[in-house]
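Okay, so here's the structure we're looking at.
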Protein chains: 2
Amino acid sequence: MAKAHKTIQPPGLERALDRLEHLCRAHGQRLTRQRRAVLSSLLSAGRALSAYELLERLRPEDGKSTPASVYRSLDFLMTLGVVHRLESTRSFIACEHPEAPHWVQFLICRRCGQVVEAEDERIAAATERLGQRLGFALDQRVVELTGVCEGCRENAARH
Amino acid sequence: MAKAHKTIQPPGLERALDRLEHLCRAHGQRLTRQRRAVLSSLLSAGRALSAYELLERLRPEDGKSTPASVYRSLDFLMTLGVVHRLESTRSFIACEHPEAPHWVQFLICRRCGQVVEAEDERIAAATERLGQRLGFALDQRVVELTGVCEGCRENAARH
DNA sequence: GGGTATTTGATACAAAGTATCATTAAAGGG
DNA sequence: CCCTTTAATGATACTTTGTATCAAATACCC
């Protein structure tokens with residue numbers, strides 16, 4: 001039996017889109033149809049998508065999406081903190097902790113592609129400390145830990 | 001006055017290439033002209049290079065390098081641990097701690113491009129712990145901290 | 001509903017990375 | 001030193017990922 005994806009369905013999706021609207025107002029930014037569609041699509045995918053996978057998923061609804069416009073929407077959503085980019089897989093994922101604008105870490109299963117978003121205080125503190133020790137004023141922290149998740153290891157164990 | 005780059009000159013370069021030779025023997029791998037040239041080029045650049053920048057630098061010496069072959073050499077050198085890839089800048093850099101095959105972190109100055117390779121025990125421990133807590137058997141850890149280095153902040157301060 | 005600044009669409013392109021297969025060369029043994 | 005074997009490279013073409021530009025459309029405020 002296939003692993004259940006944590007696809008966000010309404011009303012979770014509704015709530016997230018409401019939150020997006022409030023964030024836009026708060027930042028004096030415009031909430032456009034495409035921006036809503038991009039976040040919505042990422043949320044209902046329930047996993048990380050490449051920009052072009054996302055584009056594929058938008059096309060049925062909105063045939064005139066282009067790479068440039070998808071990237072623009074993604075950039076926008078990233079500045080609001082509701083979407084993150086995974087550097088090591090060149091993909092994008094909806095944020096699971098949108099209330100807390102803290103530094104996050106990602107755990108990525110190289111087998112099933114599952115991505116877990118974490119907010120580990122020790123790692124946050126340790127990276128900050130390292131930055132200070134080496135004289136860096138940090139403004140971006142990429143922490144992406146790749147391996148095999150528990151479920152996949154169990155599956156592998158029973159062949 | 002411009003910041004001095006830590007370009008590796010002979011005999012540092014010689015030492016690194018000797019080390020590469022020993023590593024290849026130890027792993028039963030072939031040491032080819034291109035592999036030597038790629039590491040050498042990265043070392044004397046003294047900074048991170050994209051695969052295509054590297055290609056440019058190889059061409060004068062070896063006009064028949066191609067993207068594919070450069071990527072192959074880079075992959076090879078990465079498996080030996082003498083080169084690292086920076087995911088957040090899509091570039092490659094020679095390893096500064098080639099003796100210790102530990103997990104490393106990178107601090108990247110977004111102003112001058114300087115990259116500092118660190119080996120922080122706290123971060124290593126904290127990431128390992130997080131992986132265990134969430135059930136991941138980790139085999140790759142990308143920790144890339146971007147900000148502004150001390151030198152660049154000082155320069156900016158005096159306009 | 002109309003005015004305006006922002007966003008999008010369209011097009012074209014740049015940068016990064018990979019697949020395939022014939023040819024070349026590294027390393028070990030004679 | 002040459003020969004052989006196996007691995008790596010060269011050549012070619014292609015895929016994926018990301019951007020620049022500018023005219024047309026639309027979200028938001030009044």
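Naming convention: chains lettered A, B, ... in sequence-line order (proteins, then strands); numbering from 1 in each chain.
Residues A:Y71 and A:F92 meet the side-chain proximity criterion, which asks for heavy atoms closer than 4.5 Å. Side-chain contact between A:V116 and A:I108 is absent, with no heavy-atom pair separated by less than 4.5 Å.
Qualifying salt bridge (Lys or Arg N to Asp or Glu O under 4.0 Å) partners for B:E144, counting only residues two or more places apart in sequence or in other chains: none. Annotation: salt bridge (Lys or Arg N to Asp or Glu O under 4.0 Å) contacts of B:D75 (sequence neighbours excluded): none. Every residue two or more places apart in sequence or in another chain that forms a salt bridge (Lys or Arg N to Asp or Glu O under 4.0 Å) with B:D139 is listed here: A:R110. Residues passing the salt bridge (Lys or Arg N to Asp or Glu O under 4.0 Å) test with A:R72, sequence neighbours excluded: none. By the side chain to side chain donor-acceptor pair (under 3.5 Å) test, A:E56 is found to be paired with no residue, residues two or more places apart in sequence or in another chain being considered. With sequence neighbours excluded, the residues forming a side-chain contact (heavy atoms from CB on, under 4.5 Å) with B:R90 are A:R85, A:E87, listed by chain and number.
Residues B:L55 and B:F76 are members of one and the same hydrophobic cluster, defined by side-chain heavy-atom contacts under 4.5 angstrom among Ile, Leu, Val, Met, Phe, Trp and Tyr. B:L138 and A:V148 fall into different hydrophobic clusters, where Ile, Leu, Val, Met, Phe, Trp and Tyr are joined by side-chain heavy atoms under 4.5 Å apart, directly or via other members.
The end-to-end axis angle of the helix from C:dG1-D:dC30 to C:dG30-D:dC1, rounded to 10 degrees and based on five pairs per end, is 40°.
Comparing A:A68 and A:E53 along DNA chain D, the residue whose closest nucleotide (by nearest heavy atom) sits nearer the 5' end is A:E53.
The outermost nucleotides of DNA chain C lying under 4.0 Å from heavy atoms of chain B, listed 5' to 3', are C:dA16 to C:dG28.
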Under 3.5 Å between N/O atoms: give me all the protein pairs with nucleotides 26-29 of chain D, atom names plus distance.
{"residue": "D:dA27", "atom": "O3'", "partner": "A:L31", "partner atom": "O", "Å": "3.4"}
{"residue": "D:dA27", "atom": "N3", "partner": "A:R30", "partner atom": "NH1", "Å": "3.4"}
{"residue": "D:dC28", "atom": "OP1", "partner": "A:L31", "partner atom": "N", "Å": "2.8"}

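Within the nucleic acid shown, B:R72 comes within 4.0 Å of at least one base atom, counting heavy atoms only.
Clustering of Ile, Leu, Val, Met, Phe, Trp and Tyr side chains at separations under 4.5 Å places A:V142 together with B:V142.
Listed by residue number, A:R85, A:R90 are the residues of residues 84-94 of chain A with a heavy-atom contact under 4.0 Å to DNA chain D.
The CZ atom of B:F76 sits 11 Å away from the C1' atom of D:dA7 (whole-angstrom rounding).
Residue pairs meeting the salt bridge (Lys or Arg N to Asp or Glu O under 4.0 Å) criterion with at least one member in residues 22-46 of chain B, sequence neighbours excluded, do not occur.
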